[in-house]
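Atoms considered below: every heavy atom in the structure, side chains included; atoms not considered: hydrogens, waters and symmetry mates. Bear in mind that the values here come from a model prediction, so they are computed numbers and not experimental data. Remember, it's 1-based here, ligands and their atoms both numbered in the order they're listed.
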Amino acid sequence: RAKNSGGNQYVFVSNEISSAASEQSEIEAHMRAAFKDGGFEVYYQPQYSMNGYLCGFEALLRLRHPSMGLIGPDRFIPIAEECGLIVRIGNWVIEEVFRQAAEWKRQGLPAIRIALNVSPLQLMRADFSVRVRDALSAYRMDPEMLEIEITETTVMHNLEEVAKQMLDLAAVGVRFSVDDFGTGYSSLRHLHQLPITTLKIDQSFVQNICEDSSTREIVQAILSLAHSLGMQVIAEGVEREDQVELLRSMNCDQLQGFLWGRPQPADRVPALMSAQVRKFSAEGAFNRGVA
Ligand code: C2E
Ligand code: MG
Ligand code: MG
Ligand code: MG
């Protein structure tokens, strides 16, 4: 359509740029207001062992906007990182998730591991580990129930400070996983110096795993590498039964994906937990129709 628009082409492009810019500043303003008016919401996506046991939840942040609806983190986290709000948001997420976990515990629900995503800008701060440890004790949360997801980028830029923060938290039992593993450029040498318990295979691999044999080879290599280093592997973005079958045959440890559960608002979590408990007592073992 740009081809025939002649003199209007520039106008068209500049409108598009300015509307993107105004959307960006609207999101920024809305994030600033959300700290006092509400607007951030944490969703929880279940993580399962290969035979269907619920083993944890990943906390995934959303931003509710009156006219834009529920905005996903891929849209607003980069803006937050750019405008300097990410650390404040990250601190809010830590508080909110620990508060929620304490509330579930008070209701008598089984303790379950919760994974948090953190930005590199959080982890490179000298006060990160102290803040997390303070929040753990304030909410009486067992450090072993917390998993922190880092990305390969986090490790690349600030290895020394990041390692310090991670080792300090690992010493009290906090677990760490590497998110979107296989898409970044982190060196195994670096990763191996860090207290990492889990690799999360990026969903782009899982998507093609049944169709593409070289993807399958890469995933198999990640699995053997992780296992030989004593790490566990979670496959992300599992949407089909054939992917489950294949990942199980490859000895993958856990999975997360729309097939077995989408991210849910916090009030749906207790039902997911007690459905599991009921299944255990009714059948002795959890069975989702898979072996
Ligand atoms: P991530 O940590 O890799 O999270 C997985 C993303 O994949 C989530 O998107 C999840 O909803 C989506 N997903 C899960 N299963 C499937 C599936 O079967 N198929 C497909 N197509 N997608 C699936 P979401 O919630 O939009 O989050 C996007 C990213 O935003 C996250 O990627 C994470 O990097 C970031 N993020 C989320 N919450 C936070 C947060 O509190 N702080 C920071 N710094 N980043 C966050
Ligand atoms: Mg994640
Ligand atoms: Mg991921
Ligand atoms: Mg991602």
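Close contacts of ligand 1 with Gln45, meaning ligand atoms under 4.0 Å from a residue heavy atom, involve 14 (C), 15 (N). Each of the atoms 28 (C), 29 (C), 30 (O) of ligand 1 lies under 4.0 Å from some heavy atom of Asp74. Under a 4.0 Å criterion applied to the non-hydrogen atoms of Val238, ligand 1 contributes the atoms 18 (O). Close approach to Arg62 involves these atoms of ligand 1, each under 4.0 Å from a residue heavy atom: 11 (O), 24 (P), 25 (O). Close approach of ligand 1 to Asp179 (heavy-atom distance below 4.0 Å) involves ligand atoms 1 (P), 2 (O), 3 (O). Shown in contact with Glu239 at under 4.0 Å from a heavy atom are these atoms of ligand 1, numbered in order with element: 17 (C), 18 (O), 19 (N), 20 (C), 21 (N).
The proximity of Asp180 to ligand 1, defined as any non-hydrogen pair under 4.0 Å, is limited to the side chain. Contacts between Ile77 and ligand 1 below 4.0 angstrom, taking non-hydrogen atoms only, involve the side chain exclusively. Proximity of Glu58 to ligand 1, defined as any heavy-atom pair under 4.0 Å, is confined to the side chain (atoms from C-beta onward). Using a 4.0 Å cut-off between heavy atoms, Leu60 contacts ligand 1 through both its backbone and its side chain. If you look at Gln256 next to ligand 1, there are no close heavy atoms at all, none under 4.0 Å.
Judged by the shortest distance from any of its heavy atoms, Pro263 lies inside the 4.0 Å radius around the atoms of ligand 1. Residue contacts with ligand 1 include Gly237, since one of its heavy atoms falls under 4.0 Å from the ligand. Heavy-atom distances between Arg262 and ligand 1 stay at or above 4.0 Å for every pair.
The environment of Glu160 atom CD is sparse: at most 12 non-hydrogen atoms of other residues, nucleotides or ligands sit within 6.0 angstrom.
One of the N, O or S atoms belonging to Asn117 lies under 2.8 Å away from the Mg ion (ligand 2). Within the 2.8 Å limit, Glu236 places at least one N, O or S atom next to the Mg ion (ligand 3).
Checked by distance only, ligand 1 and Phe258 come closer than 3.5 Å through their nitrogen or oxygen atoms. The distance criterion of under 3.5 Å between nitrogen or oxygen atoms is not met by Ala59 with respect to ligand 1.
Looking at heavy atoms from C-beta onward, Gln193 lies in side-chain contact with Leu159 at the 4.5 angstrom threshold.
Atom 44 (N) of ligand 1 has its nearest heavy-atom neighbour, among Pro120, Ser119, Ser177, in Ser119. When Ile86, Leu255, Ile94, Asn117 are checked for heavy-atom proximity to atom 40 (C) of ligand 1, Asn117 turns out nearest.
The N, O or S atom of Asp179 lying closest to the Mg ion (ligand 3) is OD1. Restricting Glu149 to its N, O or S atoms, the one at the least distance from the Mg ion (ligand 2) is OE1. Nearest N/O/S atom of Glu58 relative to the Mg ion (ligand 2): this is OE2. Asp180 contributes atom OD1 as its closest N/O/S atom to the Mg ion (ligand 3).
Gln122 places a side-chain N or O within donor-acceptor distance of the main-chain N or O of Ser119, the cut-off being under 3.5 Å. Side-chain atoms of Asp212 come within 3.5 Å of backbone atoms of Thr215 as a donor-acceptor pair (strictly under, hydrogens ignored). Side-chain atoms of Gln165 come within 3.5 Å of backbone N or O of Ser129 as a donor-acceptor pair.
Atom CG of residue Leu123 and atom CD of residue Glu161 lie 9.5 Å apart, to the nearest 0.5 angstrom. To the nearest 0.5 Å, atom CE of residue Met141 and atom CZ of residue Phe98 are 5.0 Å apart. Once rounded to the nearest 0.5 Å, the distance linking CE of Met31 with CG of Leu85 reads 5.5 Å.
Judged by distance alone, the side chains of Ser22 and Ser19 never bring a donor and an acceptor atom under 3.5 Å apart. Counted by atom type alone, Glu28 and Gln24 present zero donor-acceptor pairs between their side chains at under 3.5 Å.
Remark: Arg99 pairs with Glu96 by the salt bridge (Lys or Arg N to Asp or Glu O under 4.0 Å) rule, at least two apart or across chains.
Geometrically, Arg131 does not engage Phe128 in a cation-pi contact, judged by NZ or CZ lying under 6.0 Å from the ring centre and within 45° of the ring axis.
By the 30° and 60° cut-offs, the orientation of the rings of Tyr44 relative to Trp104 is perpendicular.
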Which side-chain N or O atoms in residues 57-66 pair as donor and acceptor under 3.5 Å with protein atoms at least two apart or in another chain?
| unit_1 | atom_1 | unit_2 | atom_2 | d |
| --- | --- | --- | --- | --- |
| Glu58 | OE1 | Lys200 | NZ | 2.9 |
| Glu58 | OE1 | Gln256 | NE2 | 2.6 |
| Glu58 | OE2 | Asn117 | ND2 | 2.8 |
| Arg64 | NE | Glu41 | OE2 | 2.6 |
| Arg64 | NH2 | Glu41 | OE1 | 3.2 |
| His65 | ND1 | Ser67 | N | 3.1 |
| His65 | ND1 | Ser67 | OG | 3.4 |
| His65 | ND1 | Met68 | N | 3.0 |
| His65 | NE2 | Glu26 | OE2 | 2.8 |

